Structure formats: structure tokens, C-alpha cells
Amino acid sequence: MNHADPHAPHHGAPHGHHHEPTSDDQAEILDLDAEVLAEHTASLMAWLPLETGPHHIVDLGCGTGAGTFALLDRFPDAHVTAVDASAEHLQRLRTKACARGAQGRVRTVQADLDEAAWPDLGAPDLVWASASMHHVAHPDRALRAVHQLLAPGGLFAVVELAGQPRFLPADAPEDRPGLEERVHAAADRLHDELMPHRGADWGPMLTAAGFTVEGERTLTVDIDGTRDEAVGRYALGVLRRIRGAVADRIAPDDLTALDQLLDTDGAHSVLRRDDLTVRTERTAWAARRP
């Protein structure tokens with residue numbers, strides 16, 4: 001699942017000492033998302049109302065494989081077709097599959113879900129789409145395509161994000177308390193313009209596309225960062241991506257404070273904080289093709 005939106009646009013000129021996000025950073029955020037939130041992802045998969053273990057699963061918008069490998073672990077008799085628009089993400093996923101000895105259970109397909117015609121993805125028993133459907137420009141068309149794709153009686157699991165995760169206490173940093181909420185507010189306004197379906201209620205749209213919604217679950221995430229050193233790196237990556245989008249949309253003093261958090265060599269680096277948590281929500285819908 002993709003908490004740190006990997007498609008966040010980059011705006012603004014360089015300001016101070018900071019790291020410009022790259023495609024490698026984007027992939028690392030997805031990997032950290034998988035690591036930090038593994039228990040929550042597994043919980044959602046265990047919740048799915050599956051009548052039998054699926055044999056063929058399609059992971060739509062798979063990124064670097066957060067869902068793909070969790071699905072392989074959860075369903076040891078299944079194979080997964082991993083679909084993404086990014087060749088780099090798919091290559092990273094294939095490398096991981098080889099390292100795990102799972103290459104025989106994973107097929108990758110590069111595809112743009114906004115295309116009118118999708119490549120042949122077979123007839124899966126389960127389609128998993130985590131933090132990916134809000135990227136499509138025409139969700140109604142995409143949902144109908146999934147309905148047609150699924151085997152009769154198959155299940156479609158859609159996982160949506162409430163927004164980017166939060167990491168800092170409300171009174172941080174000391175000289176600019178509330179910084180993170182202001183930065184997120186600027187990012188949310190931009191995302192509302194570019195991705196109006198992020199955070200959407202997918203239930204009515206799934207019903208309109210011909211699915212029967214059999215369950216909906218909201219999962220609250222609150223992870224103590226002191227128990228997992230990956231949380232600091234996760235926070236760094238997410239805030240770097242957000243900074244690339246909002247640099248010209250926030251107050252200069254807030255940008256300065258944000259850059260101090262992102263300066264890994266500085267005294268105020270987010271990596272030096274011992275008060276980080278991962279706070280977010282995600283909602284899942286389980287919809288069946290009759």
C-alpha cells in the first residue's frame with residue numbers, strides 16, 4: 001500500500017540544503033511503507049471474505065510489491081500478476097521476487113490503467129488495488145474493466161488512504177509548531193486538484209459498476225516510532241516527497257523549518273527525533289462479482 005503518494009508532483013526551486021526527490025526515493029518510500037505497515041496489510045488481507053483460497057491474483061498498481069509479496073505470503077498456493085505503469089518499479093519487484101525464490105509465482109505486466117483497453121490479465125479470483133484506484137482519471141471505466149476481468153464470484157479488494165501519514169507531535173518543531181499539518185494542508189489542496197478521487201468512498205462506485213459490496217473496514221494506524229528505526233527513514237522519505245510538491249505553496253518560515261527536518265546532517269533532522277509515530281487511516285472495501 002502506497003501511503004506516500006509516489007506520483008506527487010515536484011514544484012518549487014531548490015531552497016537551502018535539502019535532497020531533491022528521485023525515482024529511487026519514490027521506490028524506497030514504497031519499500032518502507034511495506035515494511036512499516038506490514039502487520040496492517042496482513043490484517044486487511046485476513047479480513048477479506050474469501051470463500052476459498054485464490055489461485056490467481058491481480059495486484060493493480062503494485063508499485064514495488066508491497067501488496068504482491070504480502071499476497072504471496074497470505075496465499076501460498078496462489079500466483080500473482082503484478083500490474084504497474086512504472087517499468088522501474090516492476091524491475092525492482094522482479095529483483096525482490098528472485099531474491100525470495102518466488103519468481104515462478106509472479107508475473108509482471110506494465111500497463112496504464114487509464115488506457116481504454118487493458119492487456120490480457122487472465123481471469124483472477126482476487127483483484128487487489130491498494131492506494132492505486134485514485135490515480136486513474138476515469139474510475140468508472142476502470143471499475144467496469146475489473147468487473148469484466150474477474151472470474152464470476154471473484155473478489156475485488158479496494159484499499160483507499162485518508163491521506164498522507166503524519167509523524168510529528170502537534171507541537172513540533174519547537175520554533176514552528178503545527179508545521180506538519182500546515183504542510184499537509186497545502187499538499188492536500190494540490191492533490192484535490194490533481195487526484196480528486198483520493199479518499200473517495202468507493203462503495204457506491206463499486207455498486208454502480210455491478211459489484212456486490214460485501215464488507216467495508218476502516219483501519220486506524222498508530223505506530224510508535226521508537227520501536228522501529230525504519231519509521232524515521234519513512235518519515236524522511238514522505239516529507240521529502242511532500243516538500244517537492246508544496247515548496248511554493250507554504251510560508252517561507254515553514255519551508256525553512258521543513259528543510260531543517262530534511263537535512264540529515266543537521267541537528268534538527270527528523271532522523272534524530274525520538275518522538276515520531278506513524279498515524280494514518282485506510283479504508284478497505286470487499287466487492288464481489290456476482
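What you see below is based on every heavy atom in this structure, not just the backbone, and it leaves out hydrogens, waters and symmetry mates. These figures come from a predicted structure and were not determined experimentally.
The cluster map of Ile, Leu, Val, Met, Phe, Trp and Tyr, joined by side-chain heavy atoms under 4.5 Å apart, puts L262 and I250 in the same cluster. Linking ILVMFWY residues whenever their side-chain heavy atoms come closer than 4.5 Å, directly or via other members, places V213 and M133 in the same cluster. When hydrophobic clusters are built by joining Ile, Leu, Val, Met, Phe, Trp and Tyr residues whose side-chain heavy atoms come closer than 4.5 Å, directly or via intermediates, L276 is grouped together with Y234. A chain of hydrophobic side-chain contacts below 4.5 Å, direct or via other Ile, Leu, Val, Met, Phe, Trp or Tyr residues, connects V136 to L121.
Remark: the backbone N or O of E115 is not paired with any side-chain donor or acceptor of R141 at under 3.5 angstrom. Judged by distance alone, the side chain of E180 and the main-chain N or O of F167 form a donor-acceptor pair under 3.5 Å. Using modelled atom types, no side-chain atom of S269 and backbone atom of D265 make a donor-acceptor pair closer than 3.5 Å. Between the side chain of R282 and the backbone N or O of L161, no donor-acceptor pair lies under 3.5 Å. Using modelled atom types, one side-chain atom of R105 and one backbone atom of L72 make a donor-acceptor pair closer than 3.5 Å. A distance-only check finds a donor-acceptor pair linking the side chain of Q110 to the backbone of A85 [under 3.5 Å]. In this structure, K96 contributes its side chain and G65 its backbone to no donor-acceptor pair below 3.5 Å.
For the pair L255/R243, a side-chain contact is recorded, criterion being any heavy-atom separation below 4.5 Å from C-beta on. A 4.5 Å side-chain heavy-atom check between L126 and H56 finds every atom pair outside the cut-off. Side-chain atoms of P124 and I57, non-hydrogen and from C-beta on, never get closer than 4.5 Å to each other. Q164 places a side-chain heavy atom less than 4.5 Å from the side chain of I242. Contact check for R289 versus V146: no side-chain heavy atoms found under the 4.5 Å cut-off. I223 places none of its side-chain heavy atoms less than 4.5 Å from the side chain of T277. With contacts defined as side-chain heavy-atom distances shorter than 4.5 Å, the pair R241/V238 does not qualify. You'll find the side chain of V106 stays beyond 4.5 Å of the side chain of R94, heavy atoms only.
Of the N and O atoms on the side chains of R166 and H184, at least one donor lies less than 3.5 Å from an acceptor on the other residue. Between T68 and D59, the side chains place a donor N or O and an acceptor N or O closer than 3.5 Å (distance only, hydrogens not considered). No side-chain donor-acceptor contact under 3.5 Å links S86 and D84. At a cut-off of 3.5 Å, with distance as the only test, a side-chain donor of T218 or T283 sits close to an acceptor on the other residue. Between S43 and R217, the side chains place a donor N or O and an acceptor N or O closer than 3.5 Å (distance only, hydrogens not considered). Between the side chains of T64 and D31, at least one donor N or O sits under 3.5 Å from an acceptor N or O.
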* To do: Given side chain to side chain contact (heavy atoms under 4.5 Å, CB included), test D263 with H268 step by step and report yes or no.
  => CA-CA 8 Å; D263 181 359; H268 301 289; over 6 Å; no
* May I have the step-by-step check of side chain to side chain contact (heavy atoms under 4.5 Å, CB included) for W118 and L60, ending in yes or no? => CA-CA 11 Å; W118 289 5; L60 284 181; 4.1 Å; yes
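Contact record, T226 with D274: CG2-O, 3.3 Å, taken as the closest heavy-atom pair. Nearest approach of L179 to L258, heavy atoms of both residues: CD2-N, 3.9 Å. Looking at every heavy atom in both residues, A34 comes nearest to A66 through CB-CB, 3.5 Å. Across all non-hydrogen atoms, the minimal contact from W285 to W202 is CZ2-N, 3.4 Å. Shown here for H138 and D114, the closest heavy-atom pair between the two residues is N-OD1, 3.5 Å. Residue R272 comes nearest to G266 through the heavy atom pair NE-O, 2.7 Å, listed as atom of the first residue, atom of the second, then distance.
H79 has its ring centre no less than 6.0 Å from the ring centre of H55.
For Q91, the CD atom sits in a packed shell: over 12 heavy atoms of surrounding residues, nucleotides or ligands are nearer than 6.0 Å.
For the pairing with R107, the side chain to side chain contact (heavy atoms under 4.5 Å, CB included) check across T81, V58, V83 returns one residue only, T81.
A salt bridge between D222 and R279 is absent, with no side-chain N of the basic residue lying under 4.0 Å from a carboxylate O of the acidic one. A salt bridge links R233 to E229: one of the charged nitrogens lies within less than 4.0 Å of a carboxylate oxygen.
In this structure, R288 fails the cation-pi test against F211, since its NZ or CZ atom is not both closer than 6.0 Å to the six-membered ring centre and inside 45 degrees of the ring normal.
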